[in-house]
Enquirer: 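Below you will find the structure I want to go over with you.
Heavy atoms only: backbone and side chains are in, while hydrogens, waters and symmetry mates are out. In this chain, numbering begins with 1 at the start of the sequence shown.
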Amino acid sequence: MTVVNKDEKTQGIRQYHIGMVDGDVAEYVLLPGDPFRTDIIAKYLDDAELVAHKREHKTYTGFYKGVRISVTSTGMGCPSTAIAAEELANIGAKVFIRLGSCAALQDEIDIGDLVVTTGAMKNEGTSKFYVPDNFPAIADLEVTSELISVAKEYCTDKSAKVHWGITSTDDSFYGESPEWIQKLIDLGLKNIEMESSALFTVCHRRGLRGATICAAAANHKRGENLWGKRNLPLEEGIELETQIALETLYRLHQGGLTL
């Protein structure tokens, strides 16, 4: 009897969780958390095809200005995000941009504003399976720099503003006490979400590129949220970040990004 080697067993087959094979996805992949958001993003793609929907992972593949791009939902949290990134990488994905929502932690960030993550504080357990606790979770510099540049351009005539900085990636939405949130605020973190540090860690270990842009759904420092109500600024932010991410990938591709 031989102990299983998952790296070997998952190569060249239909991926167990995302339900896809080589050729189903592009080298460029957008990663929302919510499967329903893949439908929103797919509207911006030409010839978008629903490739698979298994568990929380729903995937479309299409084209933006002639560049082949896929969108796959990760579900909520680092474990499912790491699974999606690993299996997408197994079938050819090389550049990931997470399109998420978050809670702002600083006064200057309004609901509906966009936050680009430059690095993530690993308040989660998934990354521990890949790297030591003191190993940083850093976004890809080239992709993130272009993402910020395009975001600033797209927000010029919009009410939404773009911010960038360090994110807290937390494991427990309801475990975030007021004391915990205040600690993150005092550390100068820009926002909280639940996926980026695992994405960056997997990308680093596999030699891939990962970045994150999120729309602010709430501001925890100011105690502002729209829970229980329709959040129109967030909806507009998700549409805007989708346009920004797609244009970012297009420009990087045109510029000869090394994959």
Enquirer: Closer than 4.0 angstrom, basic N to acidic O: yes or no for Lys65 and Asp46?
Expert: no
Enquirer: May I ask you to say whether Arg205 pairs ionically with Glu86, meaning some side-chain N is under 4.0 Å from a carboxylate O?
Expert: no
Enquirer: Identify each donor-acceptor pair in which a side-chain atom of residues 142-149 lies under 3.5 Å from a protein atom, sequence neighbours left out, and give them as a table.
Expert:
{"residue": "Glu142", "atom": "OE1", "partner": "Arg209", "partner atom": "NH1", "Å": "3.2"}
{"residue": "Glu142", "atom": "OE1", "partner": "Arg209", "partner atom": "NH2", "Å": "3.3"}
{"residue": "Thr144", "atom": "OG1", "partner": "Asp140", "partner atom": "O", "Å": "2.6"}

Enquirer: Around atom NZ of Lys183, are there more than 12 heavy atoms from other residues, nucleotides or ligands closer than 6.0 Å?
Expert: no
Enquirer: Quick one: does Cys102's side chain get under 4.5 Å of Ile192's, heavy atoms only?
Expert: no
Enquirer: Within a strict 4.5 Å, meaning less than it, do heavy atoms of the Thr59 and Met20 side chains meet?
Expert: yes
Enquirer: Between Glu235 and Arg230, is the closest basic N to carboxylate O distance under 4.0 Å?
Expert: yes
Enquirer: Give a yes or no on whether Arg251 atom CZ has more than 12 heavy-atom contacts from other residues, nucleotides or ligands under 6.0 Å away.
Expert: yes
Enquirer: Between His53 and Thr38, is there a side-chain heavy-atom distance shorter than 4.5 Å?
Expert: no
Enquirer: If every non-hydrogen atom of Glu193 is compared with every non-hydrogen atom of Ser196, which pair is closest and at what distance?
Expert: OE1-OG, 2.7 Å
Enquirer: Of all the heavy-atom pairs spanning Gly62 and Leu45, show the shortest one and how long it is.
Expert: N-CD1, 4.0 Å
Enquirer: Near Met121 CE, under 6.0 Å, is it more than 12 heavy atoms from other residues, nucleotides or ligands?
Expert: yes
Enquirer: From Asn225 CG over to Leu234 CG, what is the distance, rounded to the nearest 0.5 angstrom?
Expert: 12.0 Å
Enquirer: Counting C-beta onward and ignoring hydrogens, is there a side-chain heavy-atom pair between Leu114 and Cys214 closer than 4.5 Å?
Expert: no
Enquirer: Evaluate the side-chain proximity of Val162 to Asp113: yes if any heavy-atom separation is below 4.5 Å, no if none is.
Expert: no
Enquirer: Does Leu141 have more than 12 heavy atoms from other residues, nucleotides or ligands lying within 6.0 Å of its CG?
Expert: no
Enquirer: Is there a path of hydrophobic side-chain contacts, each under 4.5 Å between heavy atoms of I, L, V, M, F, W or Y residues, that connects Tyr60 with Leu31?
Expert: no
Enquirer: Is the NZ or CZ atom of Lys128 both under 6.0 Å from the centre of the six-membered ring of Phe135 and within 45° of that ring's axis?
Expert: no
Enquirer: Would you say that Ser127 contacts Cys78 through its side chain, given a criterion of any heavy-atom pair below 4.5 Å between the two side chains?
Expert: no
Enquirer: Counting only heavy atoms from other residues, nucleotides and ligands, does the tally under 6.0 Å from CZ of Phe129 exceed 12?
Expert: no
Enquirer: Do Ser197 and Glu124 have a side chain donor and acceptor closer than 3.5 Å?
Expert: yes
Enquirer: Who pairs with Asp186 by side chain to side chain donor-acceptor pair (under 3.5 Å), at least two apart in sequence or on another chain?
Expert: Gln182
Enquirer: Does the ring of Tyr130 carry Arg206 above it, NZ/CZ under 6.0 angstrom from centre and within 45° of its axis?
Expert: no
Enquirer: Compare every heavy atom of Gly125 with every heavy atom of Asp171, then report the nearest pair and how far apart it is.
Expert: OD2-N, 3.0 Å
Enquirer: How close do Ala137 and Thr201 get, counting heavy atoms only, and between which atoms?
Expert: CB-OG1, 4.1 Å
Enquirer: Provide the closest heavy-atom pair for Ala26 versus Arg68 in the form atom of the first, atom of the second, distance.
Expert: CB-O, 3.2 Å
Enquirer: Does a sphere of radius 6.0 Å around NZ in Lys152 hold more than 12 heavy atoms from other residues, nucleotides or ligands, not counting ones at 6.0 Å or beyond?
Expert: no
Enquirer: Kindly give the heavy-atom pair with the smallest separation between Met194 and Phe173, and that separation in Å.
Expert: CE-N, 4.1 Å
Enquirer: Just checking, is any N or O donor in the side chain of Asn123 or Trp180 under 3.5 Å from an acceptor N or O on the other one?
Expert: no
Enquirer: Share the residues that join Ile40 in a hydrophobic cluster, the rule being Ile, Leu, Val, Met, Phe, Trp or Tyr side chains under 4.5 Å apart at the heavy-atom level.
Expert: none
Enquirer: How many angstroms lie between atom CD of Gln15 and atom CG of Asn90, to the nearest 0.5 angstrom?
Expert: 4.5 Å
